[in-house]
Amino acid sequence: QVQLVESGGGLVQAGGSLRLSCAASGSIFSINFMGWYRQAPGNQRELVAGISRGISTMYSDSVKGRFTISRDNAKNTVYLQMSSLKPEATAVYYCKAIVTTSPRPYEFQYWGQGTQVTVSS
C-alpha cells in the first residue's frame, strides 16, 4: 500500500503564509513526480505546482513568485511554501504522487485526502 498524508492547511489572513506538507509511505521504490493541485467550490481541479524526481519544477501562472515547491527524497515528502496569500487561493489542496512500487516495479498514481486552505479578506 502507498498512502499520501497532507498537513499544514488552515485559516490565514490575506498576505500571510502557510506551508503544506505531503508525506508518502508504503512500498515505494521511487517517487517520480509529486505535485499540488487545488479545487475551489464550483471550479475544476487545477495544477498549482509540481516537481519531478530531480529538481525540475512547474507552477501555475497565478502563483509564480509567491509559491515554492520542494521535496525531500529521503523522507518521501513534498512541500508547498505559500506566501503573500490572496483570498482567491482558498481551496482544498490535494497532493498527487506518481510512484514506482517495490519489490515489483509498477508505476501508480496516488492522491492525498486533501487539506483545506482558507484565506480571509
Side-chain angles (χ1 to χ4, degrees):
Q1 294 183 355
V2 175
Q3 293 183 339
L4 304 179
V5 179
E6 298 140 322
S7 62
L11 176 64
V12 65
Q13 291 183 327
S17 299
L18 284 174
R19 192 190 196 200
L20 306 183
S21 299
C22 175
S25 62
S27 301
I28 299 171
F29 176 76
S30 65
I31 301 177
N32 306 313
F33 173 85
M34 297 188 81
W36 288 96
Y37 297 73
R38 67 186 178 191
Q39 187 167 18
N43 292 347
Q44 298 293 311
R45 187 173 297 185
E46 63 175 350
L47 174 68
V48 178
I51 187 167
S52 68
R53 175 64 178 174
I55 58 172
S56 179
T57 60
M58 60 185 302
Y59 296 91
S60 166
D61 288 341
S62 65
V63 306
K64 286 181 179 177
R66 299 184 297 111
F67 289 13
T68 301
I69 189 169
S70 61
R71 65 188 291 178
D72 185 334
N73 290 333
K75 297 180 179 180
N76 288 334
T77 299
V78 64
Y79 307 94
L80 184 66
Q81 178 66 47
M82 305 185 294
S83 61
S84 301
L85 282 165
K86 302 175 181 179
E88 48 263 45
T90 296
V92 178
Y93 285 70
Y94 298 91
C95 177
K96 185 180 82 172
I98 300 174
V99 309
T100 299
T101 59
S102 67
R104 294 184 175 183
Y106 301 131
E107 189 172 68
F108 295 102
Q109 177 178 284
Y110 296 93
W111 287 92
Q113 78 286 351
T115 184
Q116 176 71 47
V117 172
T118 302
V119 184
S120 63
S121 59

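Reckoned from all heavy atoms, side chains included, excluding hydrogens, waters and symmetry mates.
For the pair Thr68/Tyr79, no side-chain contact is recorded, criterion being any heavy-atom separation below 4.5 Å from C-beta on. In this structure, the side chains of Ile31 and Asn73 stay at 4.5 Å or more apart for every pair of heavy atoms. Side-chain contact between Val117 and Arg38: absent, with no pair of heavy atoms (C-beta onward) separated by less than 4.5 Å.
Under a 3.5 Å cut-off, the side chain of Arg71 and the backbone N or O of Ser52 do form a donor-acceptor pair. Between the Ser27 side chain and the Thr101 main chain, no donor and acceptor come within less than 3.5 Å of each other. Using modelled atom types, one side-chain atom of Thr90 and one backbone atom of Val119 make a donor-acceptor pair closer than 3.5 Å.
For Ala49 against Leu80, the heavy-atom pair with the smallest separation is CB-CD1, 4.0 Å. Between Gln13 and Ser120, the shortest heavy-atom contact is CA-OG, 3.4 Å. Here the shortest heavy-atom pairing between Ser121 and Pro87 reads CB-CG, 3.7 Å. The two residues Cys22 and Leu4 make their nearest non-hydrogen contact at SG-CB, 3.9 Å. Nearest approach of Leu18 to Leu85, heavy atoms of both residues: N-CD1, 3.9 Å. When every heavy atom of Leu20 is checked against every heavy atom of Met82, the shortest pair comes out as CG-CE, 3.8 Å.
In this structure, CD in Gln113 is found 7.0 Å from OG1 in Thr115, a value given to the nearest 0.5 Å. Atom OH of Tyr59 is separated from atom CZ of Arg66 by 12.0 Å, given to the nearest 0.5 angstrom.
The only option from Glu107, Gln109, Arg53 that meets the side chain to side chain donor-acceptor pair (under 3.5 Å) definition with Asn32 turns out to be Glu107. Checked options Tyr37, Trp36, Tyr93; the residue passing with Trp111 is Tyr37 (criterion: ring pair (Phe, Tyr, Trp, His ring centres under 6.0 Å)).
Judged purely by distance below 3.5 Å, without hydrogens or angles, the side chains of Thr118 and Gln116 pair a donor atom with an acceptor atom.
Connection of Tyr106 to Phe29 is not established within any shared hydrophobic cluster, with ILVMFWY side chains joined at heavy-atom distances below 4.5 Å, either directly or through further cluster members. One hydrophobic cluster, built from ILVMFWY side chains closer than 4.5 Å, holds both Val48 and Val12. Connection of Val5 to Ile98 is not established within any shared hydrophobic cluster, with ILVMFWY side chains joined at heavy-atom distances below 4.5 Å, either directly or through further cluster members. Residues Met34 and Tyr110 share a hydrophobic cluster, clusters being chains of Ile/Leu/Val/Met/Phe/Trp/Tyr side chains in contact below 4.5 Å.
For Lys75, there are no salt bridge (Lys or Arg N to Asp or Glu O under 4.0 Å) partners at least two apart in sequence or on another chain.
For CD of Gln3, the number of neighbouring non-hydrogen atoms (other residues, nucleotides, ligands) closer than 6.0 Å is 12 at most.
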